[in-house]
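These notes are about the structure you will find just below.
A, B, ... follow the sequence lines: proteins, then strands. Residue 1 opens every chain.
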Protein chains: 2
Amino acid sequence: MKEKLKEHLNKKISLTDEEFSFVLSHFSFEKHKKNDFLIYQGENVSHCYYVVHGLLKLVYNDGNGKQHIVSFAMEDWWESDFSAYFMKNKAKMTLQCIEDTITFSISLKNYHKLSAELPKMQSFFLEKSNSGYIASQNRILSFLTSNATERYNQLLKQYPLLIQRVPKSLLASYLGVSRETLSRLSS
Amino acid sequence: MKEKLKEHLNKKISLTDEEFSFVLSHFSFEKHKKNDFLIYQGENVSHCYYVVHGLLKLVYNDGNGKQHIVSFAMEDWWESDFSAYFMKNKAKMTLQCIEDTITFSISLKNYHKLSAELPKMQSFFLEKSNSGYIASQNRILSFLTSNATERYNQLLKQYPLLIQRVPKSLLASYLGVSRETLSRLSS
DNA sequence: TTATAATAGTGATGTTTGTCACGCTCTAAT
DNA sequence: ATTAGAGCGTGACAAACATCACTATTATAA
């Protein structure tokens, strides 16, 4: 499992074995069961999670009993309620396992410590954040320019593997349409 | 004008006068007229812009002659087509002045140089990127949970000053509704 | 094994939003 | 001073999508 994190980091930066050991000492390793919660809406967010194996959903529960999927997180993704994590607020969202999931997690304290003591890690985090920002903007663009059918096709094209692991009701929630509408989409 | 950038940086990090001079030497200062383009869709993106004064729009032009506003950028905002900027691709979007605008701009080369030579600046950039990511996720959440009326009210609440500087047709484009629908919204 | 819940499809109907058309006002440029 | 265009509102109609109700199938757990 350590190897997966190491390889992941080494795609962007190069770490010696000692450096990686140092990095690893800032993370904790966890196994979660399907339906387990990693973050509870309304509570503190202590960690940011790297998904080694499995699948998570980041969900906003509105006041009307509806769930809205802000994001999925599968292998090699980093996820948290970042607003709550960085600003030390209460979580606006829930992070929950769709499948049994293995993670490495890092506290905000260790995130800052690691960033300060190992500039390479800071530039890694910067790159991840930039990618997340860009991905979010693309999703916004998808809402601005495309209808439900088009958004679904874009999703199919972008994450063909994800689609097979997630019930369509959750995909509908991610796309911002009702499950009935998704079920009726032509192509 | 230098003072505005300095104050802006000093909100997040603390720079000595020499450090700030060093930082400043990586930027170029520019004045743009209303309707001027800073980034042309389809071309290379050389810079990222800090808005000292004025107002920009980041626009995606789809194939059907429609404009979609991905983002506005007013005083103290950082803007670019980040995907094109960081990945050295052609711009997917246009960056254009809504008002006469004064900017400091930084090339990608200088962005990396500054990040590497002055860790404080890297942590500044990291913070900006995290904020952008969080803001984008909130906008996605707004699309997922709210109808046109609610999204407009959220915008009014979040950026009351922006609304007064931007024609309603552009606000409509930002909200993802037609200008006619925006014009008809109850509250 | 059996009961229960999760998943998925579909008809009927209503609401929201988009599109096209038109008119009115105000500004900016000639 | 006159004109062209930007900005804004609104009516009529069409398209997209949500909601409710019902059914069927497949997992899952007692």
Side-chain angles (χ1 to χ4, degrees), chain A residues 32-37 54-57 59-69 72 94 96-100 140-156 162-187, chain B residues 33-37 55-57 59-69 72 94 96-100 140-156 162-187:
Chain A
H32 310 273
K33 287 277 168 198
K34 181 174 175 174
N35 294 327
D36 278 0
F37 289 89
L55 182 55
L56 306 174
K57 60 178 180 180
V59 175
Y60 176 77
N61 297 280
D62 65 20
N64 309 316
K66 279 189 203 158
Q67 297 208 139
H68 305 274
I69 302 224
F72 294 108
T94 285
Q96 190 178 10
C97 297
I98 295 177
E99 306 172 352
D100 290 358
I140 288 169
L141 209 43
S142 177
F143 277 109
L144 290 176
T145 62
S146 308
N147 62 21
T149 308
E150 291 162 343
R151 292 206 301 280
Y152 182 57
N153 288 333
Q154 288 162 16
L155 185 64
L156 281 175
L162 180 70
I163 273 71
Q164 296 159 8
R165 294 165 68 176
V166 174
K168 293 199 172 176
S169 56
L170 292 187
L171 292 181
S173 170
Y174 177 86
L175 291 169
V177 295
S178 67
R179 58 159 209 88
E180 292 95 332
T181 296
L182 181 65
S183 171
R184 278 186 264 253
L185 293 185
S186 47
S187 168
Chain B
K33 287 277 168 198
K34 181 175 173 174
N35 295 326
D36 279 0
F37 289 89
L55 182 55
L56 305 174
K57 60 177 179 180
V59 175
Y60 175 77
N61 297 281
D62 66 22
N64 309 315
K66 279 189 202 158
Q67 297 208 139
H68 304 274
I69 302 223
F72 293 109
T94 285
Q96 191 179 9
C97 297
I98 295 177
E99 307 172 353
D100 289 359
I140 289 169
L141 209 44
S142 178
F143 277 109
L144 289 176
T145 62
S146 308
N147 62 21
T149 308
E150 291 162 343
R151 292 206 301 280
Y152 183 56
N153 288 332
Q154 287 162 18
L155 185 64
L156 281 175
L162 180 69
I163 272 71
Q164 296 160 8
R165 294 165 69 177
V166 175
K168 294 200 172 176
S169 56
L170 293 187
L171 293 182
S173 171
Y174 177 85
L175 291 169
V177 294
S178 68
R179 58 159 209 89
E180 293 95 333
T181 296
L182 180 64
S183 170
R184 277 187 264 253
L185 293 185
S186 46
S187 167

Could you give the [atom1]-to-[atom2] distance, from [X] to [N], as a whole number of Å?
| X | N | atom1 | atom2 | value |
| --- | --- | --- | --- | --- |
| L144(A) | dT17(C) | CG | P | 15 Å |
| E180(A) | dT10(C) | CD | C1' | 10 Å |
| L185(A) | dG9(C) | CG | P | 10 Å |
| I163(A) | dA8(C) | CD1 | P | 12 Å |

Handout entry: Check ion pair K34(A)-D100(A) (N to O, under 4.0 angstrom)
Key = no
Need one value for S169(A): base, sugar-phosphate or nothing, where a base atom within 4.0 Å counts as base even if backbone is also close, heavy atoms only.
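Sugar-phosphate contact only - S169(A) comes under 4.0 Å of backbone atoms but never of a base.
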Do the side chains of [Y] and [X] get nearer than 4.5 Å, heavy atoms only?
| X | Y | result |
| --- | --- | --- |
| H68(B) | D62(B) | yes |
| Y152(A) | V177(A) | no |
| K57(B) | V166(B) | no |

Phosphate oxygens OP1/OP2 of dT19(C): is one of them under 4.0 Å from a side-chain N or O of K66(B)? yes
- Query: Under 4.0 Å between a side-chain N/O of T181(B) and OP1 or OP2 of dT17(C), yes or no?
  - Reply: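 Negative; the distance criterion is not met.
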Self-check item: Identified side chain to side chain contact (heavy atoms under 4.5 Å, CB included) counterpart of L144(A) within the set F143(B), Y174(B), Y60(B)
Solution: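 Checked F143(B), Y174(B), Y60(B) against L144(A); only one passes side chain to side chain contact (heavy atoms under 4.5 Å, CB included): F143(B).
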Can you tell me whether the side chain of R179(A) and the base of dG9(C) have a donor-acceptor pair closer than 3.5 Å? yes
With a 3.5 Å cut-off and heavy atoms only, can you find an N or O donor on one side and an acceptor on the other between the side chain of R184(B) and the base of dT19(C)?
yes
Ordered by number, residues from residues 170-177 of chain A within less than 4.0 Å of DNA chain D (heavy atoms) are G176(A), V177(A)
With a 4.0 Å cut-off (strictly under) to non-hydrogen atoms of chain B, the first and last hit nts on DNA chain D, 5' to 3', are dG7(D) to dA12(D)
To the nearest 10 degrees, the angle between the two end axes of the helix from dT1(C)-dA30(D) to dT30(C)-dA1(D) (five pairs per end) comes to 50°
